[in-house]
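Take a look at the structure set out below.
Convention: sequence-line order gives letters A, B, ...; per-chain numbering from 1. Excluded from the calculations below are hydrogen atoms, water molecules and symmetry mates; all remaining heavy atoms, backbone and side chain alike, are included.
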Protein chains: 2
Amino acid sequence: MRTGGAAQALAYEKIREQIVTGNYPGGMKLIEERLAEEIGVSRTPVREAIRRLEQEGLVRRKKVFKPSAKELRDHFKMRILIEAHAARMAATYMIDDDLDELKETVGKAKAIRDDSAAVVRENKKFHDLIVRETRNPVMIETVDRMQSIIYLFSRAVVINKRPGLLDEHAAICEAISARDPEKAARLMEEHLEADLEFTLAIVDWEE
Amino acid sequence: MRTGGAAQALAYEKIREQIVTGNYPGGMKLIEERLAEEIGVSRTPVREAIRRLEQEGLVRRKKVFKPSAKELRDHFKMRILIEAHAARMAATYMIDDDLDELKETVGKAKAIRDDSAAVVRENKKFHDLIVRETRNPVMIETVDRMQSIIYLFSRAVVINKRPGLLDEHAAICEAISARDPEKAARLMEEHLEADLEFTLAIVDWEE
DNA sequence: TTCTGTAATTTTGTATACATGACTGAATAC
DNA sequence: GTATTCAGTCATGTATACAAAATTACAGAA
């Protein structure tokens, strides 16, 4: 953790945990005093933790962030723009060791279709490896923020695993391997667009 | 202001002012107690103001942010990616009223070459109008953050006004007007790359 | 019923005191 | 002369009390 002390770190972890597990649902008001009591610290570190979660995009105006369909789309589009660029960079610059690792994640994910959590982990790693090729911390961090928010919704989506997802990963991997930047970028774009549409279709926007 | 009370707003404005005017130079440590006394509020709102400036990218680890050449480049590249995309969108979707406004900013900037502050304002407006065409608040806000940081350096650059800048704006404007997305994007990319290189060349990285 | 104004309650913002931890610099051992 | 450790200071983190603001609940009128 880059700032703050122990109490703040504790508050941050605990609140974040509750949000990403869905235990604190979207729209829920975060009341400082209550959280402070629950966690066993004073209001001050809770406040700071909430501010950090706000910066991270998980909290908005003291409430657990609940993006509209439009907002989810906006976050996805930002991610698509960066990841398509990243795929282009990867096809151009990725060294063979990393390429091997990339292939490995696809293989692993194929092998363990049943362990949902593990598949999620491999898929995230796949994208992270590619984004890393931008060699641009600003972009890497931005994608991370987008992912945090998208994953808030994707719990549902990941369980209803989208058909073709792994094949698309394999195809992207191949394009990078073949050093074809434009194809890699195009495939990545299509892949994430499909993810977006699938997510929008699955999620229940009425609740 | 979207959060906090009067004291916090005051602290935020005052500190930000000092940073963007260069009165607080890059690398300067922000000491809560000192600022609190200077502004006439307690440490609490100063803390929150500093956090917000941190989120905005103007402060890093309690010090006024002073990007390295690499970091400035990274922020620029993020901006280029979004603005090239925005130019593409603008060429496709921008309505005539906005296009007229865009042309006007170029004309105005050409007319008032002597008033440096006004030229800066017009140039910023030019870019903002195009970025708006993404119709994506996430991207708009990201560009804003990048610009805040870049402008921290560009004070010097803007005074040494870069040759060709206005002609490039005019050319981009034309490409959008001609509904040529790829050309608009390419010109925007070249324009900002030139800005980046000019900035890197001008700024004194040793100080 | 539904609207509106006001009182009551809750929640956040602010100030402040104290605790903890980081930094500085001098004195001493080597 | 250099390294080390200890003390003193300075800045930040945390807790808490009080003030201000926002929200809710309710009463009365249209």
Using distance only, find each side-chain donor-acceptor pair of residues 85-99 of chain A under 3.5 Å and give its atom names and separation, not counting sequence neighbours.
from, atom 1, to, atom 2, distance (Å)
A:R88, NE, A:E182, OE2, 3.2
A:T92, OG1, A:R88, O, 2.9
A:D98, OD1, A:R132, NH2, 3.2

- Query: Going through the distances and angles, do A:R51 and A:E54 end up as a side-chain contact (heavy atoms from CB on, under 4.5 Å)?
  - Reply: CA-CA 5 Å; A:R51 296 272 186 267; A:E54 225 155 29; 3.9 Å; yes
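- When rounded to the nearest whole Å, the span between CD1 of A:I50 and P of C:dT12 equals 7 Å.
- Rounded to an integer number of Å, the gap from CZ of A:R61 to P of C:dT12 is 15 Å.
- Counting all heavy atoms, side chain and backbone alike, B:P67 lies closest to B:L72 at CB-N, 4.0 Å.
- Residues A:I140 and A:D128 form no side-chain contact, since every pair of their non-hydrogen atoms from C-beta on lies 4.5 Å or further apart.
- Considering only side-chain N and O atoms, A:K62 lies under 4.0 angstrom from the phosphate OP1 or OP2 of C:dG13.
- Residue B:E32 contributes atom CD, which lies 9 Å from atom C1' of D:dG13 at whole-angstrom precision.
- Contact between the side-chain N/O atoms of A:R47 and the OP1/OP2 oxygens of C:dG13 is found at a separation under 4.0 Å.
- Annotation: side chain of B:F65 is not in contact with side chain of B:V59 (no heavy-atom distance under 4.5 Å).
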Return the polar atom pairs (N/O with N/O) between nucleotides 15-24 of chain C and the protein under 3.5 Å, or none.
from, atom 1, to, atom 2, distance (Å)
C:dA15, OP2, B:S42, N, 2.6
C:dA15, OP2, B:S42, OG, 2.8
C:dA15, O5', B:S42, OG, 3.4
C:dA15, N7, B:T44, OG1, 2.7

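- Note: CG (A:L10) to P (D:dG13) measures 16 Å, nearest angstrom.
- The residue among B:I31 and A:K29 whose nearest nucleotide of DNA chain D lies closer to the 5′ end is B:I31.
- To the nearest angstrom, P of C:dT12 lies 9 Å from CD of A:E33.
- Atom-to-atom, CE of A:M28 to P of C:dT11 comes out at 11 Å; the value is rounded to the nearest Å.
- Considering only heavy atoms from C-beta on, A:L58 comes within 4.5 Å of A:V20 through its side chain.
- Between the CD1 atom of B:I39 and the C1' atom of C:dT14 there is a distance of 14 Å, rounded to whole Å.
- A:K14 meets the side chain to side chain donor-acceptor pair (under 3.5 Å) test with no other residue; sequence neighbours excluded.
- In this structure, the CD atom of B:E37 is 14 Å from the P atom of D:dC10, given to the nearest Å.
- Between A:Q8 and the phosphate of D:dT14, there is a side-chain N or O to OP1/OP2 separation shorter than 4.0 Å.
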